[in-house]
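Contents: one structure, followed by commentary.
Only this structure's heavy atoms are used, side chains among them; waters, hydrogens and symmetry mates stay out.
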2 protein chains.
Amino acid sequence: MSEKQEKSLRREILDTARQLLTTTGYARLSMRNIANKIGYSATSIYLYFDSKDDLVHALIDEGVELLGTRLAEANASATTPDARLEVMCRAYVSFGMERPEYYEIMYVLHPEYIKRYPAEKYRKARRNLEIMAVAIQDGIASGVFKDVEPMLAANLAWTQLHGVVTLLSSERVDKRIDPEELIDSACRHVVSSMRTWGEQAN
Amino acid sequence: MSEKQEKSLRREILDTARQLLTTTGYARLSMRNIANKIGYSATSIYLYFDSKDDLVHALIDEGVELLGTRLAEANASATTPDARLEVMCRAYVSFGMERPEYYEIMYVLHPEYIKRYPAEKYRKARRNLEIMAVAIQDGIASGVFKDVEPMLAANLAWTQLHGVVTLLSSERVDKRIDPEELIDSACRHVVSSMRTWGEQAN
DNA sequence: TACTTTAGGTTAACACTGTTAACCCTCGGA
DNA sequence: TCCGAGGGTTAACAGTGTTAACCTAAAGTA
C-alpha cells in the first residue's frame with residue numbers, strides 16, 4: 001500500500017465512491033464495493049468517515065462546490081439581466097443532466113435514505129440559490145423584471161428547473177417529447193415569468 | 001387466520017404496505033415488516049406478488065388511479081380554460097403533498113431502486129398528462145392560450161408542478177419561503193405561461 | 001374407502017447491506 | 001526494553017430480498 005501514498009486513502013475512497021455512483025448508481029453503492037475496488041477492507045473506510053452518510057455528505061460538498069462555480073461562471077458570462085438569468089438556468093440544468101451522480105445525492109435522495117445534510121453546510125448550498133436571486137434582483141433594479149420578492153422568484157425558478165432535471169433524467173418524460181425542446185422552454189419561461197409576474201388575464 | 005377471510009390476504013398485504021409507507025417511508029418498507037404486522041411469514045407475500053417491486057407496482061396502480069380521479073374532478077369543476085388548468089394544477093400539487101406515500105413510489109424513486117413500471121401500465125399514467133393536454137388544447141381552441149404543442153406544454157407544466165411537490169415535501173425549500181405562496185405562484189405561472197408563450201422581450 | 005393432488009402456508013438458508021468490537025502488526029519514542 | 005498509537009484486519013450482528021424445501025389440511029378421484 002506504500003506505492004499509493006501520494007494519494008491519501010481518504011481521497012481514494014471519495015474518488016472510487018463517486019465513480020461507483022456514476023457507473024452503478026446510489027442503489028449499488030456499498031462500503032464493501034468501494035473497499036474491494038481499492039483493495040482494502042470495508043471497515044477501513046470508517047477510519048476516515050463516521051458513516052456512509054458522512055461519506056456521501058463529503059461528496060455532496062463537492063457537488064455543491066461544482067454547481068457553485070458553474071453558476072458563478074454563467075453569472076459572469078452575460079450582461080443583460082434576462083440573458084444572465086437564462087444562462088444560469090441552462091447552467092443549472094446542464095449540471096443536473098451531466099452529473100446525475102452528484103445531482104441525485106444533492107437533491108433527489110429522500111431524507112429517509114440519508115441523514116440530514118448538516119445545517120452549516122446547508123448554507124453553502126443555499127448560496128447557489130442566492131446567486132440566482134441576485135440576478136433577479138438586478139433585473140428588477142434595471143426595470144426589466146416585475147417587482148417581486150427575489151427569493152420567492154428564485155425558488156420558483158428552482159422548482160421549475162429541478163422538475164425538468166429529475167423527470168428527464170429518471171426517464172419519466174414521454175419519448176416523443178424532445179428533451180432539448182423541453183429544457184429550452186423551461187429556461188425561457190423562467191425568464192419570461194419574471195417579466196410578466198402578476199399580470200392578470202385580459 | 002379464518003376470521004379474516006372476508007378480506008383477502010392480497011388486499012391485506014397491500015393495505016399494510018401502504019400504511020407502512022405512510023408512517024415509516026419507503027426506506028423502512030420491508031417484506032418482513034409487512035408480514036409481521038399481519039401475522040404471516042415474509043415468504044407468504046410471494047404467493048401473491050412476484051417480488052417487492054411487483055407489490056409496489058400494484059400500489060402505484062392505486063396512486064395513478066387516485067390521481068386520475070382527482071384530475072378528472074378538477075377538470076369538471078371549472079368552465080373557463082384558464083380556471084380549469086389552474087384548478088388541475090392545484091389538484092396535482094395537493095395530491096403530491098397529501099399523499100406523499102403514493103407520490104414517492106410513482107414519481108420520485110429512482111429506476112435503480114425499483115424495476116421499471118411495466119409498459120402497458122405506463123399508458124394509464126400517461127393518460128393523466130393527456131387530461132391536462134386536453135385542457136390546454138381547449139384553451140388554444142378558444143383563443144385564450146397561445147398556439148403551442150399541447151403535449152409539450154403539458155409536460156412543461158408537469159415539470160413545474162413536480163418540482164414544487166418534490167422540493168417542498170423533501171423539505172429542501174428554505175423555511176422562510178411560505179409553501180402556500182410558492183404553490184400559488186407555480187400554479188398561476190403555469191397558466192400565465194400558456195397565455196404568453198413565445199412572446200419576446202420588448 | 002384409499003390415494004393423490006393442490007392450495008396456502010411455513011422454516012432454513014443464501015448473498016447481500018451498514019456498522020461495531022476485538023484483534024493484530026509495525027513503527028516511534030522514552 | 002517496553003509502551004502506546006496509527007492503520008489496518010477479521011468476525012460478528014441485525015437487517016434486507018429471495019429461493020428451495022417442506023408441511024398440512026382440504027378436495028378430488030379411482
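- Of the N and O atoms on the side chains of T80(B) and D82(B), at least one donor lies less than 3.5 Å from an acceptor on the other residue.
- Although no hydrogens or angles enter the test, the distance criterion places a donor-acceptor pair under 3.5 Å between the side chain of N155(A) and the main chain of M151(A).
- Atom pair N36(B):CG and dA14(D):P shows a separation of 16 Å (rounding to whole Å applied).
- To the nearest angstrom, C1' of dT10(D) lies 17 Å from OH of Y40(A).
- We find that CD1 of I13(B) is positioned 13 Å from P of dG17(D), with the value rounded to whole Å.
- Going from atom CZ of R10(B) over to atom C1' of dG9(C) covers 18 Å, rounded to whole Å.
- In this pair, H162(A) and H162(B) present their aromatic rings parallel. The plane angle is below 30°, not in the 30 to 60° band.
- Environment of CZ in R116(B): crowded, with over 12 heavy atoms of neighbouring residues, nucleotides or ligands closer than 6.0 Å.
- Rounded to whole Å, the distance from CG on L9(B) to P on dG8(C) is 10 Å.
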What are the atom names and distances for every N/O pair under 3.5 Å that joins the protein to nucleotides 16-23 of chain C?
| unit_1 | atom_1 | unit_2 | atom_2 | d |
| --- | --- | --- | --- | --- |
| dT17(C) | OP1 | S30(A) | OG | 2.8 |
| dG18(C) | OP1 | L29(A) | O | 3.4 |
| dG18(C) | OP1 | M31(A) | N | 3.4 |
| dG18(C) | OP1 | K52(A) | NZ | 3.1 |
| dG18(C) | OP2 | M31(A) | N | 2.9 |
| dG18(C) | N7 | R32(A) | NH1 | 2.7 |
| dG18(C) | O6 | R32(A) | NH2 | 3.0 |
| dT19(C) | OP2 | Y46(A) | OH | 2.7 |
| dT19(C) | OP2 | K52(A) | N | 2.8 |
| dT19(C) | O5' | Y46(A) | OH | 3.2 |
| dT19(C) | O4 | R32(A) | NH2 | 3.2 |

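- For K121(A), the NZ atom sits in a packed shell: over 12 heavy atoms of surrounding residues, nucleotides or ligands are nearer than 6.0 Å.
- Under a cutoff of 6.0 Å and an axis angle of 45°, K52(B) and Y26(B) form a cation-pi pair.
- Note on F49(B): nothing from the nucleic acid sits closer than 4.0 angstrom, heavy atoms only.
- Across the protein-nucleic acid pair, L47(B) atom CG and dC22(D) atom C1' stand 13 Å apart, rounded to whole Å.
- We find that CD of E12(B) is positioned 10 Å from P of dG9(C), with the value rounded to whole Å.
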